[in-house]
Protein chains: 2
Amino acid sequence: MAIAGTTSDRGQSLGEIGVVRSDGSSSPIPEATLTRLPVYMRGLVEVAEDGVTTVSSRQLADLAGVNAAKVRKDLSHLGAHGKRGVGYDVNRLLTEISGALGGSVTPVVIVGAGNLGRALSRYDGFMAGGFPVVALIDSDRSLEGRMISGVPVTHVDEMDAVVAATGCQLGIVATPAHAAQEAVDRLVAAGLRSVLNFAPAVVSVPSEVQLRKVDLATELQILGYYEHVRISQEATGQAVG
Amino acid sequence: MAIAGTTSDRGQSLGEIGVVRSDGSSSPIPEATLTRLPVYMRGLVEVAEDGVTTVSSRQLADLAGVNAAKVRKDLSHLGAHGKRGVGYDVNRLLTEISGALGGSVTPVVIVGAGNLGRALSRYDGFMAGGFPVVALIDSDRSLEGRMISGVPVTHVDEMDAVVAATGCQLGIVATPAHAAQEAVDRLVAAGLRSVLNFAPAVVSVPSEVQLRKVDLATELQILGYYEHVRISQEATGQAVG
DNA sequence: AGGGGCTTGTGCATTCATTCACATGTCATG
DNA sequence: CATGACATGTGAATGAATGCACAAGCCCCT
């Protein structure tokens, strides 16, 4: 385990991204804003179906469960101009957000055809969001060639071919923890530059690769903490009151 | 849709929690730190199995994929005192973190026995993390009484009884979006105060309830954004270079 | 016993995110 | 056309998280 650096700490450094400005497009949308844009989209789609054509920042804030100032600042990042005194045009805003997020349909591949991988391959939200799952990949030869909920399962040795054939750009890792690093390495070797990791393991990637993590057990543990604190609080609170 | 406030914005306000100090215990561990504690735990368990008894902040940082200063600051929040010049005792640290996070085993209930709900009920990580799934709840009468991967399915009308009988304190919502609000409402009515929502919907809860959200489609959309930016960047970069 | 090499804990600076508050602008109505 | 109600966009204030650098402390070796 190589350790670099003479004085002081310094760990992983996130690669810069989205800082282009040259061609006028793509400003650097902050992470925090990015996580909310899809939520706004859902709210907008909802009201659009009811025939609403204009929303104020406050209405959208209510739909998204945030406050209005945040909505406005978020939207200002994509240059989406609403009309003062009026609000935002629903359809225009939908187009703008969708465009900022990438717009077109992007196929994804899932590595790991266990419980989680299968469930994810069936998850409607991916397809609905423009991310069809086009391949499942597993190291188990006995699954090779099978279809699972309409998605063909391929052996991990053919990953390169599958990725190339399907034109996938996003990879999802749903393997056990011990297999996660290899899964990611192979995805990267196959040319992918964006990976979503569901395995409860820390994996490292080259700096040009975007890695996001969804840690299911951790989410519960955080809730567990608050529950724990709340209960201790009540206990002491009773004593006091 | 009631809108309050005369001047200016102001939306949801997060309930304060963990700010007790009266009894000396439970300092207010910041969110950001909370999300990393479980990751440290995994790293510690890993090295503990290899017989390691002491780790430095830098070693732990490598295991967790963060930098050493962050590790030290995080650990300082739980008063975990390491030894200068030496490091942290692995077992002691495990005990401390585990204790801070709540310690004991907490049973959870999952609402929604669809694909996602079933997959989550089978997810090993929950059990391993001390969160056994003890009940699945669905509105489909035809599932009532069945066992799915060892977990009994109950109808939603009996939620109160199930929650009471099993002593659940954490609820997971894995319903379709349109059913999420009702699912949460029922969980809260049954007495739960901590909910993890997987449904792609904005739900509101009373201020004393802790709500966390895992938004699978959004995660992909964020990756999609970076992919999008990267590609435009390359395109313009080629033109320039 | 004392020196040198490590490592913790933390004050400080910096960056990122949130929120406030208001000037600027739009629309509808009389 | 003028007035008033309403909303945006954004500087500025606040707050949270990160990362740095160093004093204080521990251990081993001679």
Side-chain angles (χ1 to χ4, degrees), chain A residues 3-14 16-19 27-37 39-40 52-62 64-90 92-93 96, chain B residues 3-14 16-19 27-37 39-40 52-62 64-90 92-93 96:
Chain A
I3 292 177
T6 47
T7 313
S8 218
D9 328 302
R10 181 168 301 125
Q12 95 285 37
S13 72
L14 299 163
E16 300 257 321
I17 202 159
V19 204
S27 20
I29 303 181
E31 266 277 332
T33 294
L34 274 180
T35 67
R36 287 185 293 263
L37 289 181
V39 181
Y40 298 152
V52 175
T53 60
T54 300
V55 288
S56 69
S57 60
R58 189 176 295 182
Q59 290 172 300
L60 190 46
D62 286 346
V66 300
N67 77 38
K70 207 183 288 192
V71 169
R72 290 200 297 275
K73 191 145 281 186
D74 283 344
L75 295 185
S76 77
H77 285 298
L78 31 89
H81 291 265
K83 269 198 198 129
R84 292 170 185 240
V86 181
Y88 301 88
D89 180 87
V90 172
R92 168 132 184 262
L93 200 47
E96 299 236 27
Chain B
I3 292 176
T6 47
T7 312
S8 219
D9 329 300
R10 182 169 299 124
Q12 96 285 34
S13 71
L14 300 163
E16 300 257 320
I17 202 160
V19 204
S27 21
I29 304 182
E31 266 277 333
T33 294
L34 274 180
T35 67
R36 285 185 295 263
L37 290 181
V39 181
Y40 299 151
V52 175
T53 61
T54 301
V55 288
S56 70
S57 60
R58 190 177 293 183
Q59 290 173 300
L60 191 45
D62 286 345
V66 300
N67 78 37
K70 207 183 287 191
V71 170
R72 291 199 296 277
K73 193 148 283 184
D74 282 345
L75 295 184
S76 77
H77 285 296
L78 31 89
H81 291 265
K83 271 197 196 130
R84 292 169 187 241
V86 181
Y88 300 87
D89 180 87
V90 172
R92 168 135 184 261
L93 199 48
E96 299 235 29

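Just so it is clear: chains get the letters A, B, ... in the order the sequence lines come, proteins before strands, and each one is counted from 1.
- Of the candidate nucleotides dC27(C), dC27(D), dA17(C), dA17(C) has the atom nearest to the side chain of Pro30(A).
- Smallest separation of non-hydrogen atoms from Val52(B) and Val90(B): O-CG2, 3.7 Å.
- Looking at heavy atoms from C-beta onward, Val66(A) lies out of side-chain contact with Asp74(A) at the 4.5 angstrom threshold.
- The side chain of Ser56(A) has dT8(D) as its nearest neighbour among dT8(D), dT26(C), dT18(C).
- Atom pair Leu60(B):CG and dC6(C):P shows a separation of 20 Å (rounding to whole Å applied).
- Nucleotides of DNA chain C nearest to Thr33(A) and Gly85(A) differ in position, and the one nearer the 5' end is that of Thr33(A).
- Each of Leu60(A), Leu93(A), Thr53(A), Thr54(A) was evaluated against Tyr88(A); a single residue qualifies, Leu93(A), per the side-chain contact (heavy atoms from CB on, under 4.5 Å) test.
- Listed pair His81(A) / dG9(D) meets the phosphate criterion, a side-chain N or O lying under 4.0 Å from OP1 or OP2.
- In this structure, Arg58(A) atom CZ and dA5(D) atom C1' are separated by 13 Å, rounded to whole Å.
- Distance CG (Leu75(B)) to P (dT10(C)): 12 Å, rounded to an integer number of Å.
- The phosphate of dT8(C) has OP1 or OP2 within less than 4.0 Å of a side-chain N or O from Ser57(B).
- Nearer to the 5' terminus of DNA chain C, by closest-nucleotide assignment, is the contact made by Ser76(B) (compared with the other of Asp74(A) and Ser76(B)).
- Phosphate proximity of dG5(C) to Arg84(B): absent, as no side-chain N or O sits under 4.0 Å from OP1 or OP2.
- OP1 and OP2 of dT8(D) both lie 4.0 Å or more from every side-chain N or O belonging to Lys83(A).
- Listed here is the closest heavy atom pair of His77(A) and Thr33(A): CD2-OG1, 3.6 Å.
- One finds no side-chain N or O of Tyr88(B) lying less than 4.0 angstrom from the OP1 or OP2 phosphate oxygen of dC6(C).
- Among dA17(C), dT26(C), dA17(D), the nucleotide with an atom closest to any side-chain atom of Glu31(B) is dA17(D).
- Under the side-chain hydrogen bond (donor to acceptor under 3.5 Å, both in side chains) test applied with Ser57(B), the options Lys73(B), Arg72(B), Lys70(B) reduce to a single match, Arg72(B).
- Taking only side-chain nitrogens and oxygens, Arg72(A) never comes nearer than 4.0 Å to OP1 or OP2 of dG11(D).
- A close approach under 4.0 Å does not occur between any side-chain nitrogen or oxygen of Lys73(B) and OP1 or OP2 of dG9(C).
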